[in-house]
Protein chains: 2
Amino acid sequence: MKRIAESTVRRLSLYLRFLEEFEKAGKLTIASGELARSGGTTSAQVRKDLSFFGSFGKRGLGYSIRELTGAIRGILGLKHSWKVVIVGAGKIGAALAQYSGFPDRGFNVVGIFDNDPRRVGQWYDGVAVADVCSLEADVRRLGAEIAIIAVPPQAAQGVADRVAAAGIHAILDFSTAAITVPPSVTLRSMNMAVELEILSFALTEGARQ
Amino acid sequence: MKRIAESTVRRLSLYLRFLEEFEKAGKLTIASGELARSGGTTSAQVRKDLSFFGSFGKRGLGYSIRELTGAIRGILGLKHSWKVVIVGAGKIGAALAQYSGFPDRGFNVVGIFDNDPRRVGQWYDGVAVADVCSLEADVRRLGAEIAIIAVPPQAAQGVADRVAAAGIHAILDFSTAAITVPPSVTLRSMNMAVELEILSFALTEGARQ
DNA sequence: CCTTGTGAATCGTTTCACAGCC
DNA sequence: GGCTGTGAAACGATTCACAAGG
């Protein structure tokens, strides 16, 4: 099977969001054009994205919302839930730990870690903050599959190395550092500094023209 | 001037981070290859990215770190500071409001808004939470240029419409909704749901192969 | 007649490779 | 000799356009 572009996967995730809304609204079928309009793309793009994985529609009719939702959830690996650990129980880490949208979508926080003794032992939504010393052991014991890094930038690379060594293959990095991981690990960065600077560039460019 | 790709701007922002580290370490010059290695790209990519904006290096020598840092800060519009409002003073909004890395990099939080009377009046780092009723008026009065949206997904689109109407041209959306904005507004989404689903896909794909 | 699925064409980005300069 | 700056080539993603099927 051909390698799938990240942009395709990102759009599938968005389609899923819109499909769930349409489903809630009681709609039964949808055409690629309508899905495209919700997501700011084109009908050809929607069809091409789906075509990498099979054919899910009926010519002349469109897609069954129920079926397409199921298909995309299967493609994205959302038919079962994932175990997530959060490293860093500061403001952002704590906010994420309490975020209720998580479990709803199949991502269960099974561990939270910090190196500050004042934070260790605090409870967030049924999970106690553990000392980061036990990170590797706990990741293995709990069978965690995804790590969220929410530590200061200087500590981010070290944490990434440690969770990778403990067998984690997927990392979501909230720090403003730019970290690197071995090829066997998938890394997504939610780097607020970078996003703000992209906005700054756009504002500046707009003013230049 | 040709349109600049978003990927180029994102890399410039990363280069800036590495350059600042090298500068702190006392290095004076750097070659494209070394910058590339820090950022997981290639020397040709670094040179091409910079070439869109001018020529900043010396053949045979590389780039003066001091000069290149200044040039990139100029390109990204970071030579002056930006006024930011945060809409939503829940867990994420409050965490962002207190985030000290913000002002360091020229992004000053000048306003925080919420619709919950229990949150209105709370102080975060010298700024009081205001009622979201006064959003448009305050945005104009304060001269805010960037809005950060940290509200529940159902409310995100409405907030985006309101800040856009109030004259804001740059939005950073932390909600898990997929919102749309007029072409005059630049939108960046830090959509945790999408990023987690991309990780889920990668883990599933890895297992499939 | 409407809408999908898809090869072919187009467009944009990255990589190559080398002339030009320090 | 070493490294930049940049056209040209290669690659990858998006858009087009149409045959096929309900």
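Chain letters run A, B, ... following the sequence lines, proteins first, then strands; residues in each count from 1. Owing to the predicted nature of the structure, the values given are computational and were not obtained by experimental measurement. Just so you know, these numbers use all the heavy atoms, side chains as well, and skip hydrogens, waters and symmetry mates.
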Start with the C-alpha distance between Gln157(B) and Asp161(B), add both sets of side-chain angles, then the distance that settles side-chain hydrogen bond (donor to acceptor under 3.5 Å, both in side chains), and finish with yes or no.
CA-CA 6 Å; Gln157(B) 182 68 60; Asp161(B) 295 343; 2.9 Å; yes
Proximity to DNA chain D (any heavy atom under 4.0 Å), residues of [range] only:
{"range": "residues 194-202 of chain A", "value": "none"}
{"range": "residues 58-75 of chain A", "value": "Arg59(A), Gly60(A)"}
{"range": "residues 10-43 of chain B", "value": "Ala31(B), Ser32(B)"}

5' to 3' on DNA chain D, which nucleotides open and close the contacts with chain B (atom under 4.0 Å from a heavy atom)?
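Taking any atom under 4.0 Å from a heavy atom of chain B, the span is dG2(D) to dA8(D).
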side-chain hydrogen bond (donor to acceptor under 3.5 Å, both in side chains) with [X]: which residues, sequence neighbours excluded?
{"X": "Arg66(B)", "answer": "Glu23(B)"}
{"X": "Tyr15(A)", "answer": "Asp49(A)"}
{"X": "Ser43(B)", "answer": "Arg47(B)"}
{"X": "Asp125(A)", "answer": "none"}

Enumerate the residue pairs fulfilling side chain to side chain donor-acceptor pair (under 3.5 Å) with a member in residues 163-180 of chain A, sequence neighbours excluded, ordered by first and then second residue.
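Pairs touching residues 163-180 of chain A that pass the test: Asp173(A)-Ser175(A).
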Side chain to side chain donor-acceptor pair (under 3.5 Å): which pairs involve residues 67-96 of chain B, sequence neighbours left out?
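Output for this query lists Ser200(A)-Trp82(B), Ser81(B)-Asn108(B).
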When all nucleic acid strands are considered with a 4.0 Å heavy-atom cut-off, which category describes Ser7(B): base, sugar-phosphate, or nothing?
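Result for Ser7(B) = sugar-phosphate.
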Over how many whole Å does the gap from Lys48(B) atom NZ to dC18(C) atom P extend?
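After rounding, the reported distance stands at 15 Å.
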Over its full length, what angle do the end axes of the helix from dC1(C)-dG22(D) to dC22(C)-dG1(D) make, each axis taken from five pairs and the result rounded to 10 degrees?
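Computed from the C1' atoms at both ends, the axes differ by 0°.
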State which residues pass ring pair (Phe, Tyr, Trp, His ring centres under 6.0 Å) with Tyr99(A); sequence neighbours excluded, sorted by chain then number.
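Ring pair (Phe, Tyr, Trp, His ring centres under 6.0 Å) check on Tyr99(A) returns Phe102(A).
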